[in-house]
Amino acid sequence: LQVHGFVFCSQLLHHLAKFGNISASYYKTKLFVQAGESPVVQAMADLLFNVRNSFYLGAYNTVINEAADLDLSEADAIERDCFVYRSYIALGSYDLVISEIRDSAATGLLAVKLQAQYLSGRKSKEDVLATLQDWLSDSACNRNTTVLLVAGMIHAQEGNYPEALKCCHGNTNLEMQALCVQVYLKMDRPDKAEQQVKTMSGIDDDATLTQLATAWVGQALVSGSCGCASQGGEVGVELKLLISNGNKEEGEE
């Protein structure tokens, strides 16, 4: 099983139920209910709610199909497009992303394009890291959530964990905090990962990402195998980094 982002599967439900002594069906409901509201209320308040959650749960084709029908503001349309192209990356369609995102596109989309170039090898690692450095040094770019997220994922993929944490630490965005959790687990620091999950819980205890991060840390604490994504097995599969939303491991495309 290759994991190209957040994955929602029966194993995860099993572990959630085991750690919390709560039925899996409870979590099937809770993962889609935030701040005590129903999914319908959430969807009415946030047109991208279902798109985000589908992405976090690994339903990439659903993201692509549902996003096409949304009537959004310009800012929301850019965020939607970022999730759509990240879904294509997760599905391995790097060339589509590279060809469709123009050089004149919004900064967030250019960051997604850079990620596709990095994962596909269409741009050298040195050039990718240099571009990230330029963006992170530019006040017009270094506040963009997608830029920071992509920079964090690429640095983490390269094993530059301190740099990855610099990109996402202290940000209130739950996806960036979830990345921090995974980086801490790769560093064999479950204590820091647990602290980060507590911070996420303080923001939104019922959010999909908070529930997933809780499961990752729970598995790591039970198994004692925080940085074992490369070793295979259930824990390794579910702790596999969202870092790439694609796979750049040796011998894979």
Side-chain angles (χ1 to χ4, degrees), residues 1-9 12 47-72 74-129 131-132 135 144-158 164 167 173 175-176 178-179 182 208-209 212 229-230 237-253:
L1 173 63
Q2 295 295 332
V3 180
H4 299 294
F6 293 106
V7 172
F8 183 69
C9 61
L12 177 56
L47 293 175
L48 290 175
F49 176 78
N50 289 333
V51 169
R52 291 192 195 93
N53 276 285
S54 294
F55 180 81
Y56 299 147
L57 300 176
Y60 303 119
N61 285 311
T62 299
V63 173
I64 294 166
N65 293 332
E66 288 194 0
D69 298 327
L70 297 177
D71 184 15
L72 303 168
E74 182 178 356
D76 284 346
I78 292 172
E79 184 179 357
R80 172 203 60 196
D81 290 346
C82 285
F83 278 110
V84 167
Y85 285 120
R86 288 176 65 193
S87 295
Y88 277 119
I89 289 174
L91 295 170
S93 300
Y94 306 128
D95 288 342
L96 180 149
V97 175
I98 294 168
S99 63
E100 289 196 2
I101 298 179
R102 300 176 180 273
D103 291 339
S104 58
T107 303
L109 287 168
L110 292 178
V112 175
K113 180 176 182 177
L114 184 69
Q115 185 183 29
Q117 292 171 322
Y118 165 74
L119 292 168
S120 66
R122 294 278 292 274
K123 196 165 188 173
S124 71
K125 178 178 70 175
E126 292 74 20
D127 287 346
V128 168
L129 294 177
T131 299
L132 289 177
W135 286 347
N144 185 287
T145 299
T146 305
V147 169
L148 293 170
L149 183 64
V150 168
M153 290 191 291
I154 290 176
H155 279 303
Q157 183 82 10
E158 290 296 319
C167 294
N173 179 279
E175 189 173 6
M176 296 185 69
L179 176 59
Q182 292 204 354
T208 302
L209 291 176
L212 289 171
S230 63
V237 166
E238 293 193 14
L239 293 181
K240 184 78 174 183
L241 291 177
L242 80 137
I243 284 167
S244 58
N245 286 321
N247 199 322
K248 195 172 182 289
E249 296 182 6
E250 184 176 355
E252 296 176 349
E253 297 180 0

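The minimum heavy-atom distance between C167 and A151, with the atom names listed, is SG-CB, 3.7 Å. Taking all atoms of both residues into account, the shortest heavy-atom contact from A111 to V150 is O-CG1, 3.5 Å. Across every non-hydrogen atom of V112 and I89, the tightest pair is O-CD1, 3.5 Å. The two residues V84 and A67 come nearest to each other via the heavy atoms CG2-CB, 3.5 Å. Residue A116 comes nearest to V97 through the heavy atom pair CB-CG1, 3.9 Å, listed as atom of the first residue, atom of the second, then distance. What you find for R102 and K113 is that their closest heavy atoms are C-NZ, 4.3 Å.
Residues T62 and N50 have side chains not in contact (no heavy-atom distance under 4.5 Å, counting atoms from C-beta outward). When side chains are defined from C-beta on, Q157 counts as touching Y118, because their heavy atoms get closer than 4.5 Å. R122 has its side chain out of reach of Y94: every pair of non-hydrogen atoms, C-beta onward, lies at least 4.5 Å apart. Residues L47 and D71 are not in side-chain contact: their nearest non-hydrogen atoms beyond the backbone lie 4.5 Å or more apart. By the 4.5 Å heavy-atom criterion applied to side chains, L129 and H155 are counted as neighbours. V128 is not listed as a side-chain neighbour of E158, based on a closest heavy-atom distance of 4.5 Å or more. Here the side chains of W135 and L110 are in contact, with some heavy-atom distance below 4.5 Å.
The CG atom of L114 sits 12.5 Å away from atom OG1 of T146, with the distance rounded to the nearest 0.5 Å. M153 contributes atom CE, which lies 11.0 Å from atom CG of L148 (distance to the nearest 0.5 angstrom). Put simply, OH on Y85 and CD1 on I101 are 5.5 Å apart, with the number rounded to the nearest 0.5 Å. Rounded to the nearest 0.5 Å, atoms CG (N144) and SG (C82) are 7.5 Å apart. Interatomic distance, I64 CD1 to R86 CZ, rounded to the nearest 0.5 Å: 13.0 Å. L109 CG to E79 CD: the interatomic distance, rounded to the nearest 0.5 Å, is 11.0 Å.
Of the listed residues (F83, F55, Y88), just one forms a ring-ring contact (aromatic ring centres under 6.0 Å, His included) with Y60, and that residue is F55.
For E175 and R52, the salt-bridge test fails: no basic side-chain N is under 4.0 Å from an acidic carboxylate O.
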